[in-house]
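What you see below is based on every heavy atom in this structure, not just the backbone, and it leaves out hydrogens, waters and symmetry mates.
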Amino acid sequence: MSRTPLDQWRNSQWRNAQWRNKAGAWVQRGLDQRLRLAVTGLSRSGKTAFITSLVNQLEHAGLDARLPHWPPAAEGRLLGIQRVPSRHHHVPAFGYEAALGQLSATPPCWPEPTRGISEITLAIRYRPKNRLKRKLQDTATLYLEIVDYPGEWLLDLPLLGMSYAQWSEQQRQLLQTPALAELATPWLQAGALLAADGPAEDGKLAPLAAAYTQWLHDIKRECGAYLVQPGRFILPGEYRDAPMLQFVPWVWDPVPGGLNDSHHYGMMEARFEHYKKHLVQGFYKDFFAGFDRQIVLVDCLTPLNRGPDSFADLRRALNAILQSFEYGKSGWWQRLFAPRIDKLLFAATKADHLTPDQHGRLATLLGTLVRGGHRHARLSGIDIHTLALAAIRATSSGQVSHQGETIPALQGRRLDKLDAVALYPGEVPESLPEEAFWRQQGFDFTEFAPPEWQPEQPLPHLRLDQALAFLLGDKLS
């Protein structure tokens, strides 16, 4: 059907509006007036709590927020923070109000975890400290786009360098671990009934993929596994039940040659390639490659509780994540056309679940875990930092008497029973735990419930101002 002159005019107006929106964003980015901050981490690392507290602290900044280590707040240069509509209309909004509601409930509960990508945008008005900036303008505005996405999606980026056969061999090696192999029995037995050169049938591949997906969930829950692939199988979002999420690694008998997508093996190989092209590459192109700053939240305490296998898998997962970043300083030309992450913060979360004397050890342990990434980043000139923090502080520090001695302790409410306790969880190793640490089992990390909190007050935290100083300090100078 031919278009009328009115249709053509409307289309041209829409295209012009789209161009103005992009051009405005490019100008703001080039003038350091817009910053995309990505927040990620593996499951239960506290991403939702972190973003909720970050926004909450910014909204209270300049009023009664306690941010002594963030110069704009400490120096009184913040003039106001306002939530504004996102310019990415296809990205779901971060559930800030819902998270605040859960934290202020009776009893308070932790916000629902990240299930997909979301975004919230803040306009931060401030008075520049830099003399040149002050000459140009008395006040300035930084548009801060905070993007929340599951760390499991980053685990997929290394797949781009693998063929289906190579990935299948990698997963075959995982099955050498007895605990993982035992939990894999349902999908291994089901897959063994399929012939690689048999005619491809969705009725057989779909339940096999469902059994494999259940295995990924099981090894996360039962074994404390972190390096689970494909990551979208765990958090599929809108692609749940899509055929491109219905494949498994081929770990059975050798495969005959000459197979195509009309056969079981060929169909799963085709879906693997389609998954890489449309989900993995699509995520990198549409989101990941456009981030300016990145914070990776890491829960080091849970794998310390679970044991050496879980801790080793956390280390492997962090190495896989580090391979995904494209580093490099961002000059003005790069900021306009090829933005790159130029600041990277690794944050060990739940520092409030340890006594203060252990916070430095926790930061050192995380630094040891990502040391390989540090070397890679420094070679590319990236600014990198490691920090132990608590986005929402759930405990208070005190002392208890034990066998005639006074020792440091934490006071709070346990998450499972909601009873008040005072305890000393133990010492965190400063370097990678050795056999003696696991043999002694002297560390007992306890999950705490969120604190009682009134919405008109800023959320209590530990070192969130130091995170702000590192991630945003140069943009509000």
Exercise for the section: Evaluate side chain to side chain contact (heavy atoms under 4.5 Å, CB included) for L410 paired with T355, printing each intermediate quantity in order. Expected result: CA-CA 6 Å; L410 296 175; T355 52; 4.0 Å; yes

Exercise for the section: Spell out, as yes or no, whether a donor-acceptor pair under 3.5 Å connects the side chain of K350 to the backbone of T302. Expected result: no

Handout entry: pair L472-W70: side-chain heavy atoms closer than 4.5 Å
Key = yes

Practice task
Please name all residues satisfying salt bridge (Lys or Arg N to Asp or Glu O under 4.0 Å) with E434, sequence neighbours left out, ordered by chain then number.
Solution key: none

Completion exercise
Taken to the nearest 0.5 Å, the spacing of L366 CG from D299 CG works out to 10.5 Å

Completion exercise
Between P111 and Q102 the two heavy atoms that sit nearest each other are CA-OE1, 3.1 Å

Handout entry: Partner of E145 under salt bridge (charged side-chain N to carboxylate O under 4.0 Å, His left out), chosen from R83, R293, R36
Key = R36

Practice task
Kindly indicate whether the side chain of L462, heavy atoms from C-beta on, has any atom under 4.5 Å from the side chain of P356.
Solution key: no

Problem - Parallel, tilted or perpendicular: rings of Y284 and F288 (30°, 60°) - result: tilted

Exercise for the section: Determine whether K47 and P113 make a side-chain contact, defined as any pair of heavy atoms from C-beta on separated by less than 4.5 Å. Expected result: no

Exercise for the section: Taking ring pair (Phe, Tyr, Trp, His ring centres under 6.0 Å) as the test, write out the residues that go with W153, two or more places apart. Expected result: F283

Handout entry: Under 3.5 Å donor-acceptor, R463 side chain and A388 backbone
Key = yes

Handout entry: Qualifying residues under side chain to side chain donor-acceptor pair (under 3.5 Å), relative to R44, sequence neighbours excluded
Key = E447

Exercise for the section: Look only at the side chain of H461 and the backbone of L464, and say whether a donor-acceptor pair between them is shorter than 3.5 Å. Expected result: yes

Practice task
Find out whether Q171 and L174 are in side-chain contact, i.e. whether some heavy atom of one side chain is under 4.5 Å from a heavy atom of the other.
Solution key: yes

Practice task
Determine whether V251 and L175 make a side-chain contact, defined as any pair of heavy atoms from C-beta on separated by less than 4.5 Å.
Solution key: yes

Handout entry: Separation between CD1 of I51 and CZ of F94, rounded to the nearest 0.5 Å
Key = 4.5 Å

Handout entry: T40 side chain to G151 backbone, donor-acceptor under 3.5 Å
Key = yes

Practice task
Find out whether W453 and N56 are in side-chain contact, i.e. whether some heavy atom of one side chain is under 4.5 Å from a heavy atom of the other.
Solution key: yes

Problem - Sequence-distant partners of D416, side chain to side chain donor-acceptor pair (under 3.5 Å), two or more places apart - result: none

Handout entry: Test item: Q358 side-chain N/O and V428 main-chain N/O as donor-acceptor pair under 3.5 Å
Key = yes

Exercise for the section: Measure from the ring center of F247 to the ring center of W167 and say whether it is less than 6.0 Å. Expected result: yes

Exercise for the section: Answer with yes or no after comparing the ring centroid distance for F311 and F437 against a 6.0 Å cut-off, counting only values under it. Expected result: no

Problem - All side chain to side chain donor-acceptor pair (under 3.5 Å) counterparts of D218, not counting sequence neighbours - result: Q214, R221

Exercise for the section: Name all residues meeting the ring pair (Phe, Tyr, Trp, His ring centres under 6.0 Å) criterion together with H359; count only those two or more places apart in sequence or in a different chain, and write none if there are none. Expected result: none

Exercise for the section: Kindly give the heavy-atom pair with the smallest separation between A38 and F291, and that separation in Å. Expected result: CB-CD1, 3.3 Å

Handout entry: Any donor-acceptor N/O pair, T48 side chain to E112 backbone, under 3.5 Å
Key = yes

Practice task
Search all heavy atoms of P408 against all heavy atoms of D357 and return the closest pair with its distance.
Solution key: CG-OD1, 4.0 Å

Exercise for the section: Go through the structure and list residues passing side chain to side chain donor-acceptor pair (under 3.5 Å) with R271, not counting sequence neighbours. Expected result: D202

Problem - Atom pair OG/CZ of S43 and R115 - distance to nearest 0.5 Å - result: 9.0 Å

Problem - W215 side, atom CH2; T185 side, atom OG1 - distance, nearest 0.5 Å - result: 11.0 Å

Problem - D465 backbone acceptor or donor facing Q57 side chain under 3.5 Å - result: no

Exercise for the section: Return the set of residues passing salt bridge (Lys or Arg N to Asp or Glu O under 4.0 Å) with R361 (not counting sequence neighbours), or none when no residue passes. Expected result: E430

Practice task
For residues 206-217, pull every pair meeting salt bridge (Lys or Arg N to Asp or Glu O under 4.0 Å), keeping only residues two or more places apart or in separate chains.
Solution key: none

Handout entry: Working for side chain to side chain contact (heavy atoms under 4.5 Å, CB included), residues L35 and L471
Key = CA-CA 10 Å; L35 183 75; L471 293 168; over 6 Å; no

Problem - Test item: T368 side-chain N/O and T364 main-chain N/O as donor-acceptor pair under 3.5 Å - result: yes

Practice task
Look at atom CD of Q173 and say whether more than 12 heavy atoms of other residues, nucleotides or ligands are closer to it than 6.0 Å.
Solution key: yes

Handout entry: Spatial distance of atom CD (E152) from atom CG (L216) [nearest 0.5 Å]
Key = 10.5 Å

Exercise for the section: Could you pull out the closest heavy-atom pair between Y212 and P230, with the gap in Å? Expected result: CE2-CD, 4.0 Å

Exercise for the section: Identify the residue among D383, I384, L387 that makes a side chain to side chain contact (heavy atoms under 4.5 Å, CB included) with F470. Expected result: D383

Exercise for the section: Spell out, as yes or no, whether a donor-acceptor pair under 3.5 Å connects the side chain of S53 to the backbone of A49. Expected result: no

Practice task
Just do the side chain to side chain contact (heavy atoms under 4.5 Å, CB included) check on V421 and F448 with the steps written out, would you?
Solution key: CA-CA 10 Å; V421 294; F448 287 96; 3.8 Å; yes

Practice task
Taking the side chain as every heavy atom from C-beta outward, state whether Y239 and L279 have any atom pair closer than 4.5 Å.
Solution key: yes

Problem - salt bridge (Lys or Arg N to Asp or Glu O under 4.0 Å) contacts in which one or both residues fall within residues 228-247, not counting sequence neighbours - result: none

Handout entry: Chi angles and distances behind the side chain to side chain contact (heavy atoms under 4.5 Å, CB included) call for L354, L301
Key = CA-CA 9 Å; L354 298 171; L301 304 184; 4.0 Å; yes

Exercise for the section: For the residue pair L144 and L58, establish whether any side-chain heavy-atom pair is separated by less than 4.5 Å. Expected result: yes

Exercise for the section: Please answer whether the main-chain N or O of G231 pairs with a side-chain N or O of D156 as donor and acceptor at a distance below 3.5 Å. Expected result: yes

Problem - Partners meeting salt bridge (Lys or Arg N to Asp or Glu O under 4.0 Å) with E75 (sequence neighbours left out) - result: R77, K129

Problem - Of L122, L54, L345, the residue whose pairing with L37 passes side chain to side chain contact (heavy atoms under 4.5 Å, CB included) - result: L54

Problem - R413 bridged to D419 by N-O distance under 4.0 Å - result: no

Completion exercise
A190 and L208 have their tightest heavy-atom pair at CB-CD1, 4.0 Å

Handout entry: F287/Y149 aromatic ring centres below 6.0 Å
Key = no

Exercise for the section: Can you see which heavy atom on A320 is nearest to which on P158, and at what distance? Expected result: O-CG, 3.8 Å

Exercise for the section: With sequence neighbours left out, write down each residue that passes salt bridge (Lys or Arg N to Asp or Glu O under 4.0 Å) with D313, or none if nothing qualifies. Expected result: R316

